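Can you read through this structure? Questions will come right after.
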Amino acid sequence: MITPPSSTTELLERAWALSGLSIDEIVTRYHVPDHYRHKGWVGQVLEYVLGATAGSSPEPDFVELGIELKTLPINQTGQPQESTFVCAISKIPDAQWQGSCVQRKLNKVLWIPCHQHQIGAPLLWSPSLEQENLLRADWEELTEIIMLGKAEQLTAEQGQVLQVRPKAAHSRILRSDINNNGEATFIVPRGFYLRAHFTAQIIAENYLVCHSRPEH
DNA sequence: GGATGATCATAT
DNA sequence: ATATGATCATCC
């Protein structure tokens, strides 16, 4: 068990100490307990090593600092490989953008890029006014659909930077819900995700990256 | 080749 | 059951 960082500065120092290392080196140096190398493995190793405290509660990873940790898989030109999961959508949607799960998680994020299991330089980020406006507009549009009982009609194609996709162990998992006729139904649990082009913009604005294909 | 929908592992 | 960590696999 590694103690939580007492300040943002300490968290950043710890994160910088990881940059340039491979995930295997980190596991060895920090004596990370053995576990299966599954999909979320890299993120959970970094949580452990940096002393994250939130566990599986719906809070930012570093609760006292209000900072969410996100590993960001990137390719050799610095482009994110995937969308980024933000949070699950609970049965009762958040009423307002301010204070919503998405707003609190994205208010302050420690991005740690990762390429082929090599850890990159950390970035402590908060959305710009423009970015927050985009996020809020999408969130309000998507949340309104959910509040109208039309969650089942949501597809991943809606939303400019934020999207809603299934988030469950598998597609046969169902959760009780109320449809737009006020009737009890069951739907696949869903979550909010950031589109890859949104995180790509964050990387492009904050890192010196290759914008064209590298020469051979 | 990229995005959408599906899925895997763990913690409480 | 539902939150966390995400990536996988299929379709267009």
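Quick note on labels: first sequence line is chain A, next is B, and so on, each numbered from 1. What you see is a predicted model, and the numbers here were worked out from it, not measured in a lab. What you see below is based on every heavy atom in this structure, not just the backbone, and it leaves out hydrogens, waters and symmetry mates.
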- Counterpart residues, salt bridge (charged side-chain N to carboxylate O under 4.0 Å, His left out), relative to A:E10 (two or more places apart): A:R14
- Taking the side chain as every heavy atom from C-beta outward, state whether A:I112 and A:L72 have any pair of such atoms under 4.5 Å apart. no
- Message: For A:S176 and A:L69, find the nucleotide of DNA chain C closest to each by heavy atoms; which residue's nucleotide sits nearer the 5' end?
- Response: A:S176
- Query: Below 4.5 Å, heavy atoms only, C-beta onward: do A:I202 and A:Q131 meet side chain to side chain?
  - Reply: yes
- Please tell me if the side chains of A:I146 and A:L154 come closer than 4.5 Å, counting only heavy atoms from C-beta onward. yes
- Within residues 42-70 of chain A or reaching into it, pairs that qualify as salt bridge (charged side-chain N to carboxylate O under 4.0 Å, His left out) - sequence neighbours excluded: A:E59-A:R104, A:E68-A:K70, A:E68-A:K105
- Rounded off to whole Å, could you give me the CD-to-C1' distance for the A:E59 and C:dT4 pair? 12 Å
- Message: Under 4.5 Å side-chain heavy-atom separation, chaining through any Ile, Leu, Val, Met, Phe, Trp or Tyr, what else clusters with A:V188? Say none if it is isolated.
- Response: A:L174, A:F186
Atom pairs under 3.5 Å, N or O on each side, protein against nucleotides 6-10 of chain B: can you list them with distances?
unit_1	atom_1	unit_2	atom_2	d
B:dT7	OP2	A:S171	N	2.7
B:dT7	OP2	A:S171	OG	2.8
B:dT7	O2	A:K39	NZ	2.4
B:dT7	O4	A:A168	O	3.3

- Query: At under 4.0 Å between heavy atoms, what does A:P73 touch on the DNA or RNA strands: base, sugar-phosphate, or nothing?
  - Reply: sugar-phosphate
- Query: Rounding to a whole Å, what distance do you find between A:D177:CG and C:dA1:P?
  - Reply: 15 Å
- Query: Which part of the nucleic acid, if any, lies within contact of A:Q81, taking any heavy atom under 4.0 Å across all strands shown: a base, the sugar-phosphate backbone alone, or nothing?
  - Reply: nothing
- Message: For A:Y48 and A:H31: C-alpha separation, side-chain torsions, deciding distance, then whether side-chain contact (heavy atoms from CB on, under 4.5 Å) applies.
- Response: CA-CA 10 Å; A:Y48 176 85; A:H31 308 292; over 6 Å; no
- Message: Quick check on DNA chain C: between A:E82 and A:S57, whose nearest nucleotide comes earlier from the 5' end?
- Response: A:S57
- Rounded to the nearest angstrom, tell me the gap between atom CD1 in A:I187 and atom C1' in B:dG5. 15 Å
- Rounded to whole angstrom units, what separation is found between the CG atom of A:L154 and the C1' atom of B:dG5? 13 Å
- Query: Taking the hydrophobic residues Ile, Leu, Val, Met, Phe, Trp and Tyr, and joining any pair whose side-chain heavy atoms are under 4.5 Å apart, which ones share a cluster with A:I178?
  - Reply: none
- Check the distance between C:dT4's C1' and A:K70's NZ and give it to me in whole angstrom. 9 Å
Identify each atom pair where a protein N or O and an N or O of nucleotides 10-12 of chain C are less than 3.5 Å apart, giving names and distance.
none

- Task: Send over the distance from A:R190 CZ to B:dT4 P, rounded to a whole Å.
- Result: 14 Å
- Check the distance between C:dT4's C1' and A:I89's CD1 and give it to me in whole angstrom. 15 Å
- Atom-to-atom span, CG of A:L174 to P of C:dT2 - whole angstrom: 11 Å
- Mind telling me whether A:H35 and A:H38 have parallel, tilted or perpendicular rings, with 30° and 60° as the class edges? perpendicular
- Task: Would you indicate what A:S83 reaches in the nucleic acid, counting non-hydrogen atoms under 4.0 angstrom: base, sugar-phosphate, or nothing?
- Result: base
